[in-house]
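The analysis underlying the following values was restricted to heavy atoms, covering all of them including side chains, and did not include hydrogens, waters or symmetry mates. Counting starts at 1 for both ligands and their atoms, in listed order. Numbering starts at 1 and runs along the sequence shown. Since the model is a prediction, treat every value here as computed from it, not as a measurement.
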Amino acid sequence: MISATDNWKQRFHPEPDEGWLNDPNGLCFYKGLYHVFFQYSPSDCFGGGERGWGHFAGESLFDLRFCGMPVRPDSEQDRDGCWSGSAVVFNDTLYVFYTGNVDDNGIRSSNQILTTSNDGFVFGAKKTILSAPDYPSDITFDVRDPKVWYDGTWHMVLGARDKDDHGKVLYYEADDPYEWHFVRAYYRPGYGYMWECPDMISIGGHKFLMTCPQGLAHERYRFQNVYSCGYFRLLGEEPGDLEELDYGFDLYAPQTFTSPEGDVILIGWMGMSDNPFDNPTTGFGRQNCLTIPRRLSVDEDGYILQEPFTEEENVIEFTDISDSFTILISDARLSFSEGEFILDLTRNDIGKGRDIRRAKVDKVLSLKIVCDSSSLEIFINDGRIVMTSRFYPDSSNVNISCNGIRRR
Ligand code: FRU
């Protein structure tokens with residue numbers, strides 16, 4: 001049932017007023033503004049119709065405004081969608097790399113396209129820089145989501161599926177961003193048929209390959225969603241085991257960028273394709289939003305920590321944390337006991353089909369929750385474990401009650 005008033009419009013999460021949003025794209029700071037582009041279908045809140053890059057921009061990451069759809073599928077090379085990609089600021093110009101999707105009666109091809117801008121709002125000519133002949137011979141047409149960075153050399157990672165249905169990440173280099181050569185593929189057996197939205201980052205000397213693998217078997221504590229999202233620690237160039245970035249219902253396709261202060265900031269899509277859950281915001285003509293920014297660091301064991309990077313008033317902190325506690329946020333129930341942290345959204349249909357997500361946690365040493373009108377982001381133990389989810393309280397007055405733990 002749709003409530004008569006729209007309680008679910010997010011107050012501080014980037015969310016378009018209408019249409020469908022998915023992956024964050026092209027995160028950057030350019031000429032005094034933060035730019036957060038995103039996959040956008042303006043005319044259909046279920047993702048149909050024209051798919052291009054929507055745009056939020058602002059002087060602060062906490063105050064972004066919607067600026068339309070500057071990258072549209074208006075050429076032969078991207079006629080069925082301007083799909084995900086990234087941005088690099090180089091010589092005062094914004095270089096934007098994305099995947100042009102082309103669908104010839106069910107036969108798809110993927111072009112990696114470069115376009116540039118001198119103001120972050122208007123983009124120039126599009127040039128295909130990689131297409132089918134440039135991919136290794138064992139790779140299918142599923143090659144997409146260029147994440148590019150520059151450090152004297154240009155680097156690009158691309159998500160891919162090989163002909164034996166293994167997910168892989170392709171790595172290219174260039175001296176000139178229009179001329180790329182293939183260097184190697186990253187692969188670890190046992191992680192599904194397709195790896196989407198890769199990213200490669202270094203924090204404090206630790207190197208990570210992030211990606212979103214599809215086709216993992218669901219387990220009680222791992223890979224609980226239809227698709228997954230995590231990172232491999234790179235030991236040399238070899239990926240270790242996949243560590244999940246999130247244990248909630250709604251986190252996919254995260255992307256990072258380095259802020260002017262030198263922080264590695266991650267923003268994700270609070271949603272996922274083919275999720276079997278409802279988002280009743282569709283009753284108001286819109287679906288999905290982005291997460292708050294999260295500042296990444298690395299703990300002493302070499303795992304990524306995510307810290308909420310938002311205005312202080314948005315963060316609920318807890319203290320006096322005992323070995324067994326429950327927190328009720330409206331009808332969302334969070335609980336911890338005997339090494340299991342549970343997010344339960346079954347009460348009064350608050351999760352609209354979302355039921356229970358679990359994470360293994362030895363001891364809860366710290367807990368922060370960022371709660372907006374229709375989302376929860378739960379940061380356990382300095383963000384070593386994170387749970388991100390939409391939820392749909394009936395009223396805009398969300399009550400919080402605690403047992404075995406205290407709100408600070
Ligand atoms: C991930 C994804 C990307 C693709 C985009 C299309 O959610 O499937 O791989 O580029 O969405 O919108």
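Considering only residues two or more places apart in sequence or on other chains, D176 meets the side-chain hydrogen bond (donor to acceptor under 3.5 Å, both in side chains) condition with none of them.
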For ligand 1, what N or O to protein N or O distances fall under 3.5 Å?
unit_1   : atom_1 : unit_2 : atom_2 : d
ligand 1 : 7 (O)  : D23    : OD1    : 2.8
ligand 1 : 7 (O)  : D23    : OD2    : 3.3
ligand 1 : 8 (O)  : E196   : OE2    : 2.9
ligand 1 : 9 (O)  : R144   : NE     : 2.9
ligand 1 : 9 (O)  : D145   : OD1    : 3.4
ligand 1 : 9 (O)  : D145   : OD2    : 2.7
ligand 1 : 9 (O)  : E196   : OE2    : 3.0
ligand 1 : 10 (O) : S84    : N      : 3.1
ligand 1 : 10 (O) : D145   : OD1    : 2.5
ligand 1 : 11 (O) : N22    : ND2    : 3.3
ligand 1 : 11 (O) : D23    : OD2    : 3.2
ligand 1 : 12 (O) : N22    : ND2    : 3.0
ligand 1 : 12 (O) : Q39    : OE1    : 2.6
ligand 1 : 12 (O) : R51    : NH1    : 2.7

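Ion pair D142/R144 flagged as a salt bridge, since at least one NZ, NE, NH1 or NH2 atom sits closer than 4.0 Å to an Asp/Glu carboxylate oxygen. Salt bridge annotation for D74-K126: present, with a cationic side-chain nitrogen under 4.0 angstrom from a carboxylate oxygen.
For residues 45-55, every residue pair satisfying the salt bridge (Lys or Arg N to Asp or Glu O under 4.0 Å) rule, not counting sequence neighbours, is listed here: E50-R72. Under the salt bridge (Lys or Arg N to Asp or Glu O under 4.0 Å) criterion, the residue pairs touching residues 249-278 are D250-R354, D263-R295, with sequence neighbours excluded.
Residues M270 and T291 come closest through the heavy atom pair CE-CA, 3.9 Å.
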